[in-house]
Structure formats: C-alpha cells, structure tokens
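Here is the structure we will look at, set down as structure tokens.
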Amino acid sequence: ADYPRQLLTDPRYNFLPGEAMGVVSVGGVRDMGPSANFPRAFAGKDYTASNDTNVSAGRSSWKFGVRVNRAEQFVQQSFSRGGQASFANVTAFLQGLPNFTRAPSPGSFNSKTLTFTSVGVYAQNDFRASDRLTLNLGLRYEPQTRYKEKFGRESAIRNILTDAQATLGPLFKNNTLDNVSPRLGFAWDVRGNGKTALKGAAARLYDLANLATPLVQAVAGTPPFSSLSRVNNAPFTVPFELPAEGSPQALRIIDYNLAAPNMWHYNVAVERELFANMALTVAYAGSRGVNLIRTAEGNPRRPSQTLADGRPFWTGQEPRVSPYWNTIELKVADSKSQYHSLQLRLNQRLSRGLQFQNSLTWASARDNYSGFSNTDFGGAEGQTSDNPFDRDRDWAPMPTDVRLAYRANLVYRVPAVFTPGSVAGALLGAVTLQVLRELLLQLGVRDQYIDIAFGCAIWLAAAVELLRGR
C-alpha cells in the first residue's frame, strides 16, 4: 500500500530514530503501517553435475548414478525493522497499553550468504524374478555439507536452557550424514494373462536442502549478529523505550540439534482389465512422516495452576524456562504425520471416440503441526500450539485433510458430420467436457452440481459402452 510520506519521514511517527513508522497490530483489526519485513532480497546460484549409467545383465537391469549440487543462497530479511507494537484489542489500543513492543536490537545485521554442497549416489535394479513377477530394488545415499556463511557470520544457541549467549560456529549440526533411502517395488501378473496385476512399492525419502523459511528466520534473530529487543506490557511511547543492554532478547533461531525430516511412502494396488479397454483399480496409499519441522515457542512459560478439570492455566506472568532470553521463535524438527487412503479408479482408454478417467478416494491426514509457518496452510491455523508441554494434544486432522474426494474426466470425440478437412470439421472434431465445465462455471453453476452431473455422465457412458461391447 502507499502511505503518506510523513509516516516515512516525520519523526512524530517514527518508533525508532531514523526509521520509517513501524507496524501497529490490533486484535481484530488489519495491521497498520508500512511492512516491517523490508528491505528483503533473495538470490541464489546453483551448479549441478550428474551422470547415470544403465547396464543389462540377464534378468537384471541395473542403473547407477551420481548427482552433485553446489548452492549459494543470499538472504536479506528485515523483521520489525521500524518497530512493532501489538495491542490485544481496540480498547487497549485507545488506552495505549500494548501487549508488547519490539524492534531490532542495536547493531543487528540482517543478511547472510549461505553455501552448501550435496552429493547423491544411487543404485537401482529391476530384476525379473519370473515371467510373471518383477522386483525393483534401490538404494540412495545423499548427504550434504553443513550450511556455511560466506563471511563467517555464523552462530547458534546450542542449549536454550543453559546458554546465556550464542556460540560462534555452525547454525546447526549437519543432520544429513545418515540419509540412506531404501526403495522396494514389485509387479505381479497374477494369472499370467496380463489382465490382473498386483503392484506395490515402499520408499524412505528425505527432505534435503529445503530450509528456506528457517534460514530466513535465522538471519533476522540469531545473536550476536541479529536479535530483537522486546518489552512486555509497558506503556506505548514514541519513540520506543527499548530495554537496556543486557536485558533478555527475543530470538528467532533454528534448533541446534535439528533432525533430518523424512517420510516413508508405501502403496499397494490391484488392477483388473474388465472389458472394452476398461480397467478397474483398487489401491491403498499411505505415508508416515517423522522429524518434520515446525515453529515452536522455544522459551515458554510453565503453567502455574491446574484447573479442576485437569487443564493447565497460565496467568501470563510466570517465569520462562530460560531466564536468559525473552520469547524464542524456534524452528524444531519434532513433528510427525500419518496419511492413509483407499482409492477406487475406473478408467477407459480411447475407444469408439470415448475416453474417461474417474477416481474416488477416502483419506485421512493427521499430524501434530508440520508446517514451517501458518502460511503453509493458507493461514488455516496458528504457528504454535496452545500448550507447548503437551504434544499429544496437537495430534489432529491436518488443515489439508479431505476425507472424501471424487474426480472425473471425460473426452468424447464427436462423429464427423462435416466434410473431412473442412474448417468446421476441424473446430468440432474434438469436444471435451473441460470446455463445457468452464462455460457452466461462467454461467454461475456451482462446482458440486457440475461434478455430480459429470460423474453421472461418465457412469452412463460406461454402461452404454458395456452394452455396445457385448
């Protein structure tokens, strides 16, 4: 948004000397003031070299490969640059009583240039055990070097409870040295006639070099190169009255013992050819994620009371678990997830001008917070749980949990009613329901009604095709 110039230059509106007006957050009201996250800049350089080799020997078909990546990432991220004042509601705002005010600590540096190298090697074997059974076996190992800051601006809080200051050195331990990924798959022609197949696969997959948000956070809140000064429940003044040097600082850091996020994927399916180029598939697919990264309050207050129904209670004045720091926005890899789904698919290859695909999926997706931030879920949930001491309480359906989903696609080639090669024939020779769907949407027909109508059309077409094929 464009703001009046005086908000940027008039000292009456400057929360911090020499900075533009900061941000005012009021509960139930849109934030006011210029963005607190600028200047912001991201740039990267990536260099990749790879090689793959295929070897066939008897019943085996081997594939070997190596891939080397060298990455350099520049990150500049301001956070509350002009200061921020947060009010619980409009009444507190009018009274000038913020929950907190915060601003970058004096001397904070808000950019880093990070480099790392990853090396991935793999071997894969497609082994034809018999005329009816094929096995796929694979193994991949892909570690990377630790993140290094090009100019030596590296530090970490290695133990929040006991460290009164940051330790110069790695941002966090190298968590990739055990990244071994086994993979297994099979395909079995049950009767040997190519009409019924049983297929399955399982693999352990690692999430490598995907730390954009945590790295951005570390730039803006890891001492001694950057941190935030925060004052809780103090009167609102302009300019801010920041705490004296040596007061507990607010941090935004990465867990020094960050684990490697990984996930097991597995599936099994039965496919059966029915008639008239039509096939039915019944499948199960699932996954289990561990060491998933989330945002946590790294320095919470312990509850001071327990209510009659067993719930913990906070007054908001309890001491934090570490006396050395204020609030800590911590990226930690301690979440897990589970996904289960049962899938039913009925597909037909193009025959007599008709082709369709449709699927019905029942699924369950649960986790205990597995997003870097609430923006990963479109703002559907908060960043941190309401009780940091009870992780089991967070186990619940994901914001992306969809229990029942039906998808359909149908293509029907209109019989030639115009002279072959004519313009009209070219325009009308192929008509798809996707075009019709867009037209119906433009006319205001609701999505669910279109899906129901299309689903009925597909099953009707399947029935007609069955009768024609007899």
Does R59 make a cation-pi contact with F127, if we ask for NZ or CZ under 6.0 Å from the ring centre and within 45° of the axis?
no

Verify the neighbour count for atom CZ of R301: are there more than 12 heavy atoms of other residues, nucleotides or ligands below 6.0 Å?
yes

Donor-acceptor check, side chain of N299 to backbone of N326, threshold 3.5 angstrom: yes or no?
yes

Pair L228-L251, side chain to side chain contact (heavy atoms under 4.5 Å, CB included): steps then yes or no
CA-CA 6 Å; L228 298 168; L251 308 180; over 6 Å; no

With ring pair (Phe, Tyr, Trp, His ring centres under 6.0 Å) as the test, would you mind laying out the steps for F186 and W188 before giving the verdict?
CA-CA 7 Å; F186 70 91; W188 179 36; 8.3 Å; no

Taking CZ in R403 as the centre, count heavy atoms belonging to other residues, nucleotides or ligands within less than 6.0 Å. Is the count above 12?
yes

CZ (R252) and CG (L330) are apart, to the nearest 0.5 Å, by 12.0 Å

Step by step, would you call V26 with M32 a side chain to side chain contact (heavy atoms under 4.5 Å, CB included)?
CA-CA 8 Å; V26 181; M32 297 174 284; 3.9 Å; yes

Run the salt-bridge test on K336 and D367 with the 4.0 Å N-O cut-off and return the result as yes or no.
no

Tell me, yes or no, whether the heavy-atom count around E72 atom CD, taken from other residues, nucleotides or ligands under 6.0 Å, exceeds 12.
yes

Ionic contact status for E271 with K199, cut-off 4.0 Å
yes

For L161, which residues count as a side chain to side chain contact (heavy atoms under 4.5 Å, CB included) partner, sequence neighbours excluded?
N159, V321

Has the side chain of N291 got a donor or acceptor atom that lies under 3.5 Å from a matching backbone atom of S335?
no

Stepwise side chain to side chain donor-acceptor pair (under 3.5 Å) test for R204 and N262
CA-CA 7 Å; R204 188 181 191 183; N262 65 92; 3.2 Å; yes

Will you find, in the side chains of D163 and Y256, an N or O donor that is under 3.5 Å from an N or O acceptor?
no

Is the ring centre of W264 less than 6.0 Å from the ring centre of Y266?
no

With no hydrogens and no angle check, is any side-chain donor or acceptor of R67 less than 3.5 Å from a backbone partner on V119?
no

Quick one: does any side-chain atom of N175 pair with a main-chain N or O of L258 as donor and acceptor, under 3.5 Å?
yes

I'd like to know whether CZ of R132 has more than 12 heavy-atom contacts from other residues, nucleotides or ligands below 6.0 angstrom.
yes

Evaluate the side chain to side chain contact (heavy atoms under 4.5 Å, CB included) criterion for residues T113 and E149: first the C-alpha distance (whole Å), next the side-chain angles of each, then the deciding distance (0.1 Å), finally the verdict.
CA-CA 5 Å; T113 301; E149 211 285 322; 4.0 Å; yes

Backbone of T315 reached by a side-chain donor or acceptor of Q317 within 3.5 Å:
no

Residues passing the side chain to side chain donor-acceptor pair (under 3.5 Å) test with Y284, sequence neighbours excluded, are H340

Side chain to side chain donor-acceptor pair (under 3.5 Å) assessment of S25 paired with D31:
CA-CA 5 Å; S25 302; D31 287 357; 3.2 Å; yes

Using atom types as modelled and distance alone, determine if a side-chain donor or acceptor of D189 lies under 3.5 Å from a backbone N or O of A197.
no

Heavy-atom side-chain contact between L292 and D334 under 4.5 Å
no

Criterion side chain to side chain donor-acceptor pair (under 3.5 Å) on K173 and N257, from CA distance to verdict:
CA-CA 6 Å; K173 290 181 179 179; N257 297 298; 3.1 Å; yes

I'd like to know whether Y122 forms a side chain to side chain contact (heavy atoms under 4.5 Å, CB included) with V66, so could you lay out the CA-CA distance, the side-chain angles of the two residues, the decisive distance to 0.1 Å, and finally the verdict.
CA-CA 7 Å; Y122 75 91; V66 59; over 6 Å; no

Checking side chain to side chain donor-acceptor pair (under 3.5 Å) for the pair R191/T196: CA distance, chi angles, key distance, verdict?
CA-CA 7 Å; R191 295 183 177 274; T196 304; 4.8 Å; no

Is the closest basic N to carboxylate O distance between K63 and D52 below 4.0 Å?
no

